[in-house]
Amino acid sequence: MQLNTDKMIAEVEDGIGWMTFNNPERRNALSLEMWEAIAMIVEEFQQDHSVRVVVMKGAGDKAFVAGADISQFDEKRSNAQQIEQYSATLSGARQRLADLDKPLIAMIRGYCLGGGLTVALNADIRIASEDAQLGVPAARLGIAYGYEAMKQLVDLVGPAFAKEIAFSARRLSAEEALRIGLVNRVVPAGKLEETARELATTIASNAPLSVKAAKFTIGETLKDPSSRDFGAISRMVKTCFDSRDYIEGRTAFMEKRKPNFLGS
Ligand code: COA
């Protein structure tokens, strides 16, 4: 894959697609080039059948992502036309993340702020280290989030905590984030990668069609009732029952062995 920056890294290993934000000197703040590369990497992982689950992480030990790169705001986000272009790139990347039909895990070490939190909100599962700090500094910068990011935050923590997070712009500790459901799990920093890898490996060894159906169906429950695609859910359930993997799952259980799923 030809990326336009070395500040994003994509690697595939044992069914796991690793996407690394690689700008540690800037606490992995996301430049426009990085947002573009995120879209390319996610698209590549979506198409690559050897990738069963995706894990996002930040390089170094200080940050997942400390937000969008504020140093580019003057140059790339100062008038209406530029803002429109910049927003289109960001929403393109977020849309790719949201459209990924494979499980997406955010492995959060250190700062996870602003645009970094919106990236993490697109993950299905967030695992944080004890030293993680999460927040939405927008109100300290004079900017505001659109509907999608706010909806994802409200879906996770409810309106009261979403308001406290957005109004105060303060950073929450990992413990607080865990208490309100912003992250699934908190582990010591030294165990973070191992924990994320273990969970990703478990998911990667499960039946891909079942995992895909679960992700889709849970996503539908969060939509307005009128937009839910019940037909697609029924088709996915049927596809699972008709699959070779269902035969493999039952056979492996009866034979007391580990199933070998192919995703068909
Ligand atoms: N955009 C651009 N540069 C950033 C950045 C961001 N979002 N976050 C950190 N950096 C840069 C800093 O400017 C600094 O650069 P320098 O070494 O050239 O001075 C470098 O990363 C290290 O940051 P520093 O503030 O010295 O580290 P810290 O550990 O004391 O604090 C943060 C880390 C993340 C708390 C602090 O950098 C911060 O508040 N960043 C902005 C967070 C934010 O508002 N994000 C939302 C953007 S939409």
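Every value quoted in this text rests on a predicted model; they were computed, and no experiment measured them. First listed ligand is number 1; within each ligand, the first listed atom is number 1.
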When rounded to the nearest 0.5 angstrom, what is the spacing between CG in L156 and CD1 in I165?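 L156 CG to I165 CD1: 9.0 Å, rounded to 0.5 Å.
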
Strictly below 4.0 Å, N to O, side chains only: are K191 and E130 in salt-bridge contact?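 A salt bridge is absent here (no side-chain N lies under 4.0 Å from a carboxylate O).
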
Mind jotting down which residue pairs meet the salt bridge (charged side-chain N to carboxylate O under 4.0 Å, His left out) criterion with at least one end in residues 58-68? Sequence neighbours excluded, please.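 Every pair satisfying salt bridge (charged side-chain N to carboxylate O under 4.0 Å, His left out) with a residue in residues 58-68: there are none.
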
Solution key, residues 11-22 side-chain donor-acceptor pairs under 3.5 Å, sequence neighbours excluded:
unit_1	atom_1	unit_2	atom_2	d
E13	OE2	R197	NH1	3.2
N22	ND2	D6	O	3.2

Please tabulate, one line per pair, the protein N or O atoms found under 3.5 Å from any N or O atom of ligand 1, giving the distance to one decimal.
unit_1	atom_1	unit_2	atom_2	d
ligand 1	1 (N)	A68	O	3.4
ligand 1	1 (N)	I70	N	2.8
ligand 1	7 (N)	A66	O	2.9
ligand 1	7 (N)	A68	O	2.9
ligand 1	21 (O)	E25	O	3.3
ligand 1	27 (O)	R27	NE	3.4
ligand 1	27 (O)	R27	NH2	3.1
ligand 1	29 (O)	R27	NE	3.2
ligand 1	29 (O)	R27	NH2	3.3
ligand 1	45 (N)	A66	O	3.0

Sequence neighbours left out, what passes ring pair (Phe, Tyr, Trp, His ring centres under 6.0 Å) with F241? Give chain and number order.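 Listed in chain order: Y246.
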
Can you confirm whether K212 is buried at NZ, in the sense that more than 12 heavy atoms of other residues, nucleotides or ligands lie under 6.0 Å from that atom?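 Open.
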
